[in-house]
Structure formats: C-alpha cells, structure tokens
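Working notes, structure below.
Values below: every heavy atom of this structure, side chains too, minus hydrogens, waters and symmetry copies. So you know, we letter chains A, B, ... as the sequences are listed, proteins then strands, and number each from 1.
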Protein chains: 2
Amino acid sequence: MEQTMKTIEIDESIYDLLLRNVNSFGETPSDVLARLLNLAPSGNGRRAASPTNQVSQETKTPIPTSPQNPIMGFLNSPDFLVHGYAVEKFLSILSWLYKRDPEKFAQVLLLNGRSRQYFGRSGEVLEASGNSVMPKRIPDTPYWVITNSPTQLKKQMMSDVMRLLGYDPASSRAAVDAVR
Amino acid sequence: MEQTMKTIEIDESIYDLLLRNVNSFGETPSDVLARLLNLAPSGNGRRAASPTNQVSQETKTPIPTSPQNPIMGFLNSPDFLVHGYAVEKFLSILSWLYKRDPEKFAQVLLLNGRSRQYFGRSGEVLEASGNSVMPKRIPDTPYWVITNSPTQLKKQMMSDVMRLLGYDPASSRAAVDAVR
DNA sequence: GAGCCGATCGGGGGGATGATTA
DNA sequence: CCTAATCATCCCCCCGATCGGC
C-alpha cells in the first residue's frame with residue numbers, strides 16, 4: 001500500500017455508515033470507501049465486480065450514440081446535418097439552445113473574450129467590441145454572435161454556453177464536437 | 001445542521017474521485033461522499049440492478065448537502081460561472097464582497113505580503129510596492145488588487161479577506177475553493 | 001463593408017515555476 | 001544552512017483579426 005493518503009473530514013453519519021460496512025478485520029475507512037464507491041483497491045486484494053457504476057470515475061465520457069440526450073437527437077437530425085460549415089453548425093446549435101429555453105439563454109450575454117463581446121442583441125454591439133468580428137444573427141432568435149474566430153474558439157464558446165445553460169458534460173461535449 | 005465531524009485518511013485515488021464528483025462550489029468532501037453513497041438506484045428511468053454494490057444503510061436521515069449561505073448562491077450563479085480564469089473569479093468574488101459591505105471592505109487595505117501591497121485605491125500604489133504586480137481594478141469598486149501571484153497565493157489572499165470581513169469558515173472555504 | 005469561411009500568426013496575459021528573502 | 005513563504009520572471013496558451021483560399 002504505497003499510496004499517498006489524504007486526510008478529510010466527514011460527517012459522523014457517514015462515518016457510521018462506513019463502520020456498518022466493514023467486511024473484515026483490519027479494513028481502513030479508505031478500504032471500505034473504495035469498496036462502496038466501487039474503486040479498485042489500491043494495492044492488494046480483490047475488487048467487487050460491478051459493471052454498472054453510478055459514479056463518474058474517469059474523465060472519459062463514452063459518447064452515447066442513441067438520443068438518450070435531447071441534444072443528440074438534434075445533432076443527428078436532418079435539420080442539423082444539412083450544415084456544411086462550422087459557422088452554420090455553430091449557429092444552428094445555438095438556435096436550438098435558444099428555443100429550448102429562451103429566458104435562460106440571455107445568460108450568454110455574459111460571455112466575452114479578452115476584448116470582444118461574444119453575444120449581443122444586435123450586430124452593432126458586437127462590432128463595437130472588436131474588428132472584423134463578423135456578427136451574425138442566431139437564426140430565429142433576437143441574439144447575435146461573433147463569427148470570426150478559429151474553430152477552436154467556437155468550440156470553446158460552445159462549451160462555455162453549454163456550461164452556463166446548465167447542460168451536463170456529456171451533452172456539452174457532444175455539442176462541442178459537433179462544431180466542425 | 002451542525003454535525004460532529006470525524007477525520008479519516010483516504011487513499012489518494014479516492015480523494016481524486018471525490019474531487020471529480022464535486023457538483024457545486026462550497027461542497028466539502030463530506031458533502032460529495034454523502035451524495036455518492038446515498039445514490040438512489042438510479043435517478044432517471046431505469047435502475048441499475050447491482051445489489052452487490054448496494055450500501056447497507058438504514059439511515060433515514062437524508063444526509064445534508066451543502067448549506068446554502070449567500071456566497072454559495074453567488075458562486076453558483078451565472079454571473080460567477082461565466083468566468084474562466086482564476087484571476088477573473090478572484091476579482092469577481094472580491095467585487096461581490098465589496099457590494100455586500102462597501103464600508104467594511106476597506107479593511108482589505110491592511111493586507112500585504114513581504115514587500116507587496118495587496119490592495120489599494122489605485123493601481124499606482126500597488127505598482128510602487130513591487131514589480132510586474134499586474135494591478136487590476138476590482139470591478140464596480142474603487143479598489144485595486146495585485147494579480148500577479150500563484151493561484152495558491154490568490155487563495156491565501158481570499159482566505160485572509162474573508163476572515164477580515166468576518167465570514168464564517170464554511171463561506172470562506174467556499175470562496176477559496178472557487179478561486180481556480 | 002459586403003463574398004464568406006476560418007487557418008494562421010502576432011500579441012498579450014495568466015499563472016507555473018524557479019528565484020529570493022525572511 | 002534549511003525551510004517556508006513571497007516575489008516576479010518568463011513560458012505557453014489563448015485571443016484577436018488579418019488575409020489566404022475557395
């Protein structure tokens with residue numbers, strides 16, 4: 001067990017829970033936790049084989065292919081798949097996001113870069129914040145976005161928008177990957 | 001909602017797992033654990049048939065999640081969540097603190113390092129106290145802070161500010177953790 | 001402004017890292 | 001001299017916007 005240990009404080013009720021789940025002599029709180037959380041024990045011993053695990057253990061997100069995710073459905077729909085350019089896809093996704101929750105979408109107005117304003121209620125606002133910003137109206141929406149940016153930045157913007165609007169990482173990743 | 005706390009040592013891999021499962025600012029390891037261990041079979045739709053993995057808990061008390069004190073509300077608000085950089089978050093929190101009590105905020109002027117002045121009423125004051133100090137105005141505030149410091153020091157500063165302004169440890173910790 | 005998209009490259013800033021000092 | 005904490009240099013990444021490609 002050559003592992004770095006960390007010390008944390010836990011609520012007594014959790015402590016009790018751990019106690020109740022001690023399975024053999026000599027188990028440390030860490031051992032019990034590892035089992036309960038379904039982690040492979042660090043050094044020794046066996047692990048409880050339990051495939052379905054609720055806890056997100058890795059950063060790797062297995063991308064769901066079926067529309068378990070509302071946005072997946074959209075990203076695979078003809079309406080979206082028509083688009084060829086990254087800009088079109090970018091705008092299209094934003095438009096869909098707006099439609100899903102027009103109120104909350106207003107939050108995107110908070111996003112900006114070092115100097116540029118990323119979103120606005122008019123193209124002029126955006127033009128004022130930088131040069132050759134190429135503002136475009138997000139279709140069927142009262143909002144505008146800047147459009148002159150590396151694809152990588154468009155992805156970044158999409159990621160920020162998704163986070164702000166409260167989407168889960170998987171949906172966010174899907175949307176980001178779709179900007180291309 | 002005061003609970004006795006217990007201190008335990010856990011494997012670093014578990015610690016990392018907890019970190020990856022932090023859902024909102026201000027959550028303690030205990031909060032995260034509570035959520036993970038408490039997991040109902042499945043939140044949505046189908047249930048994972050994995051009794052092997054089920055935690056024995058006759059605990060009827062739903063384990064408390066993070067208390068909602070005012071600053072946590074802010075830390076989870078769009079206004080704060082927009083920010084990507086540690087500096088931005090740092091400034092944003094300070095701005096919020098100022099707004100809550102502009103008078104008392106003046107206390108921060110007392111904070112300094114070995115040679116550098118940390119806060120001031122102008123950028124020049126701060127520049128005079130060190131090199132490449134990168135003074136920035138705290139938004140919507142007559143105060144400036146130095147900005148060129150390791151994140152760890154920004155956290156320290158935040159901690160000091162919170163203490164000076166009389167915030168409780170939980171709020172302080174939440175603010176400190178949010179600088180990242 | 002009006003052709004439009006977006007890669008490329010210059011510039012600037014964040015903040016890690018190594019230096020410095022108590 | 002050694003350690004811990006602060007300082008500030010400087011690398012790297014990110015953003016901006018020009019300009020090449022279609």
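Protein atom CD of B/Q152 is 12 Å distant from nucleotide atom C1' of C/dA16, rounded to whole Å. Atom NE2 in B/H83 sits about 13 Å away from atom P in C/dG15, given to the nearest Å. In this entry the distance linking CD of A/E88 with C1' of C/dC4 reads 10 Å, nearest Å. Taking atom CD of residue A/Q156 and atom P of nucleotide C/dG6, one finds them 18 Å apart after rounding to whole Å. Separating the CZ atom of B/F90 from the C1' atom of C/dG13 is a distance of 16 Å, rounded to the nearest angstrom. In this structure, B/K155 places its NZ atom 12 Å from P of C/dG15, rounding to the nearest Å. The separation between B/L91 atom CG and C/dG15 atom P is 10 Å, rounded to whole Å. Regarding B/K154, its NZ atom lies at a distance of 13 Å from the C1' atom of C/dT17, rounded to whole Å.
Of the N and O atoms on the side chains of B/S77 and B/D79, not one donor lies less than 3.5 Å from an acceptor on the other residue. A/D31 and A/T28 form a side-chain donor-acceptor contact under 3.5 Å, judged by distance and modelled atom types alone. Residues A/Y143 and A/R121 bring a donor and an acceptor atom of their side chains to less than 3.5 Å of each other.
When the nearest nucleotides of DNA chain C are assigned to A/R114 and A/R180 by heavy-atom distance, the more 5′-ward of the two goes with A/R180.
If you walk DNA chain D from 5' to 3' and mark each nucleotide with an atom closer than 4.0 Å to a heavy atom of chain B, the marks span D/dA5 to D/dC14.
Counted within 6.0 Å of CZ on A/R180, heavy atoms from surrounding residues, nucleotides or ligands total 12 or fewer; the atom is thus considered open.
The structure places CG of A/N21 at 6.5 Å from CZ of A/R35, a figure rounded to the nearest 0.5 Å. Atoms CG and NZ, from B/L91 and B/K136 in turn, are 7.0 Å apart once rounded to the nearest 0.5 Å. Distance CG/A/L97 to OG1/A/T141: 9.5 Å, rounded to 0.5 Å.
For B/W96, the ring pair (Phe, Tyr, Trp, His ring centres under 6.0 Å) criterion is met by B/F74, not counting sequence neighbours.
Using a 4.0 Å cut-off on heavy atoms, the residues of residues 140-150 of chain A that approach DNA chain D are A/N148, A/P150, listed by number.
Atom name P, nucleotides C/dA2 and D/dG16: the rounded distance is 25 Å, in whole Å. The gap from the C1' atom of C/dG1 to that of D/dT18 amounts to 15 Å, rounded to the nearest Å.
The phosphate of C/dG14 (OP1 or OP2) has a side-chain N or O of B/K136 nearer than 4.0 angstrom.
The base of C/dG1 is paired with the side chain of A/E127 by a donor and an acceptor separated by under 3.5 Å.
Across all strands shown, A/S132 has heavy atoms under 4.0 Å from base atoms, whether or not it also approaches the sugar-phosphate.
Checking each of A/P29, A/S24, A/S30 against A/E27 for a side-chain contact (heavy atoms from CB on, under 4.5 Å) leaves exactly one that passes, namely A/S24.
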